[in-house]
Amino acid sequence: MTLKTITSPERMYQWVSRAVLEGRKVGVVPTMGALHEGHLSLVDAAKAECDLVVATIFVNPTQFAAGEDLDQYPRPLENDLRHLKEGGASIAFCPAMEEIYPRGYSTYVSPPEIAAPFEGLHRPDHFRGVATIVLKLFQMVPAQVAFFGQKDYQQTLVVKKMVEDFNLPIEIRVCPILREPDGLAMSSRNVFLSDEQRGRAVAISKVLAEIEPEILRLTDHSSALKNRLTGVMETARKRLEVKVDKIHYLDVVDAQTLQSISDTTTEVVIVAAADVGDTRLLDNRLVKIR
Ligand code: PAF
């Protein structure tokens, strides 16, 4: 399988439009590069459903705040292209910064309300940047289906709501988190962890995995799950606190609304964000409760 690399948004748009006109189904996998098996599982999911797969590689500055790791973010382009070729993607779309945010660029998407809690509280303009770049990528790559990883769970909700609110003609698929053998969620940022930090980082997935059976144990068909979980979450927080350097949040909420669990909640998500050293790690687990 040959991999074509395209850098021009116009060429990218023409290529996908032509393929769609010819009756082919095109899938897009938006990424910031530094590809790992998690990204490649998105390419696999796209290949299973589509005739052609476009993977985008663009480290989007507008989703990083000042002082975050934009400059340090890994950019192993050659390696990424090799992975995409071996993974069977059809096109790598790698636009230059000036193509995406030329001088004078000033239009941004105001993200939906679901962007407000968790990441939105801790990284105020993050989802404004994500929604803007994802909308732009969908314009440049007019594919029929887009594939995102569940690891950035809130991001998937933001993107789905934006697609609905803007009537975008694209379907969103969310693919499961890929984990290292010990459970750590795969992330491009894991390369920043020293051996010692890597050993502690696994606590995040372990604590989430321990909360899941507690939720199932406390679940019945009445309300008040939220109150009965308070003790479970306090214990979980204490267990995590001693392993990581900072917990940004650790919570269980309704998986659709990211609000408190209510009588109508059918699925919850356990969400966590924590720093290990200077590396901010995210993880989550979905649990059906009814
Ligand atoms: O999940 C990511 O890698 C990024 O947030 C995305 C969706 C590619 C937008 O830059």
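Order of listing sets the numbers, starting from 1, for every ligand and every atom in it. Quick note: numbers below take in every heavy atom, side chains included, and nothing from hydrogens, waters or symmetry partners.
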Does R82 come within less than 4.0 Å of E86, counting only side-chain N to carboxylate O?
yes
Looking only at non-hydrogen atoms, find the nearest pair between D51 and G23 and report the distance.
OD2-O, 4.3 Å
Nearest 0.5 Å, please: how far is CG in D275 from NZ in K246?
6.5 Å
For M32, counting its heavy atoms only, list the atoms of ligand 1 lying under 4.0 Å from any of them.
3 (O), 4 (C), 8 (C), 10 (O)
Identify the protein heavy atom lying closest to atom 2 (C) of ligand 1, giving its residue, its atom name and the separation to 0.1 Å.
Q155 NE2, 3.8 Å
Please list, in number order, the atoms of ligand 1 under 4.0 Å from a heavy atom of T31.
8 (C)
Nearest-neighbour protein heavy atom for atom 10 (O) of ligand 1, which is reported as residue plus atom name and distance
Q63 OE1, 2.6 Å
Please determine whether a side-chain nitrogen of the Lys or Arg among D44 and K47 lies less than 4.0 Å from a carboxylate oxygen of the Asp or Glu.
yes
With only distance considered, is N60 within less than 3.5 Å of ligand 1 through an N or O on each side?
no
Which word best sums up how the rings of Y108 and Y101 line up, parallel for under 30°, tilted for 30 to 60°, or perpendicular for over 60°?
parallel
Atoms of ligand 1 less than 4.0 Å from I133 heavy atoms?
9 (C), 10 (O)
